[in-house]
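Written out below as structure tokens is the structure these notes cover.
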Amino acid sequence: VYKRQEMSNKGILAVCLLKQGDLVRAKQLADETLQLILKTAVTGYGGLEGYGIAEVYAQLSKESRDRSVRFDSESKMRQLLKAFHQYGAVISLGKAPAHLWEGRWAWLNGHPILALRHFQQSLQIAQQIKLPYDEAMAHYWLGRLLKDGRLPHLPVVMGDLTQRARNHGE
């Protein structure tokens, strides 16, 4: 229990430091949190908040001026995503956010179609197991992706999403 609490607390603090612009301390805490995640067996729901360090690695991989920090953040993001999916395989509450972050990562790396698939999976899972926050986040990121305009065949995608929205309202 203690490790899961530590993982959650450090992960949340890392994101807070990122938002305050303290990138060095944010990365340090994100790295510590990742080590806890990788060493801690998934036995219960606790600790999911620690996976928020994905935000730290995503931002550093794209915005750091230091090439080694960007490379290290990309590598750690891949490790974290793998761990996130392992968490989701044991705790169903982790499946929707794991796909959400896979989608965000794909989008950041120039793969909008893959991002769309992960956002749709996240939405579907969130709806199936009735996770309103995760459902809202999937809708938010789908909206951002569609607004971005980098998707080919946008009318087809929009038509599919519009039909789903109509069906959901019935």
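All of these numbers come straight from a predicted model, not from anything done at the bench. Along the sequence shown, residues are numbered consecutively beginning with 1.
- Here the closest heavy-atom approach between residue Leu100 and residue Phe119 is recorded as O-CE2, 3.4 Å.
- Within 6.0 Å of the NZ atom in Lys19, the count of heavy atoms belonging to other residues, nucleotides or ligands does not exceed 12.
- Residues satisfying the side chain to side chain donor-acceptor pair (under 3.5 Å) test with Asp134, not counting sequence neighbours, are none.
- Hydrophobic clustering (side-chain heavy atoms under 4.5 Å, transitive across Ile, Leu, Val, Met, Phe, Trp, Tyr) keeps Trp101 apart from Leu60.
- Annotation: the span from Leu36 atom CG to Ser8 atom OG amounts to 10.0 Å, rounded to 0.5 Å.
- For the pair Gln79 and Ser75, the minimum side-chain heavy-atom distance is below 4.5 Å.
- With rounding to the nearest 0.5 angstrom, the CG atom of Asp31 is 7.5 Å from the CD atom of Gln35.
- Scanning both residues, Thr33 and Met7, for their nearest heavy atoms gives CG2-O, 3.5 Å.
- The two residues Ala115 and Ala106 have their closest heavy-atom pair at N-CB, 3.7 Å.
- A heavy-atom distance below 4.5 Å is found between the side chains of Lys27 and Ser73.
- Leu17 and Ile12 fall into different hydrophobic clusters, defined by Ile, Leu, Val, Met, Phe, Trp and Tyr side-chain heavy atoms under 4.5 Å apart, directly or through other members.
- Separation of atoms CZ (Arg25) and CD (Gln28) is listed at 8.0 Å; rounding is to 0.5 Å.
- Note that CZ of Phe84 is 10.5 Å distant from NE2 of His99, once rounded to the nearest 0.5 Å.
- Cluster membership for Trp105 and Leu34, using ILVMFWY side-chain heavy atoms within less than 4.5 angstrom, is shared.
- Note on Lys10 versus Glu6: salt bridge recorded, some NZ/NE/NH1/NH2 to OD/OE distance being below 4.0 Å.
- The heavy-atom pair separating Glu55 from Leu18 by the smallest distance is O-CD2, 3.7 Å.
- Atom-to-atom distance recorded for Lys76:NZ and Asp72:CG is 3.5 Å, nearest 0.5 angstrom.
- Distance alone, capped at 3.5 Å, is enough to place a donor-acceptor pair between the Ser61 side chain and the Ala58 backbone.
- From Leu29, atom CG reaches atom CG of Asn9 across 10.5 Å, with rounding to the nearest 0.5 Å.
- Here the side chains of Asp22 and Val24 are in contact, with some heavy-atom distance below 4.5 Å.
- Taking the six-membered ring where tryptophan is involved, the planes of Trp141 and Trp107 are perpendicular, since the angle between them exceeds 60° and thus also 30°.
- In this pair, His85 and His118 present their aromatic rings tilted. The plane angle is within the 30 to 60° band.
- In this structure, Asp66 does not pair ionically with Arg70, as no charged nitrogen and carboxylate oxygen lie closer than 4.0 Å.
- Remark: Gln86 pairs with Lys82, Ala83 by the side-chain contact (heavy atoms from CB on, under 4.5 Å) rule, at least two apart or across chains.
- The nearest pair of heavy atoms linking Ala14 to Ala26 is O-CB, 3.4 Å.
- Residues Ser92 and Ile129 share a closest heavy-atom pair of O-CD1, 3.5 Å.
- Taken together through direct or relayed side-chain contacts under 4.5 Å among Ile, Leu, Val, Met, Phe, Trp and Tyr, Val56 and Phe71 form parts of separate hydrophobic clusters.
- Linking Ile, Leu, Val, Met, Phe, Trp and Tyr whenever their side-chain heavy atoms come within less than 4.5 Å puts Leu108 and Tyr57 in one cluster.
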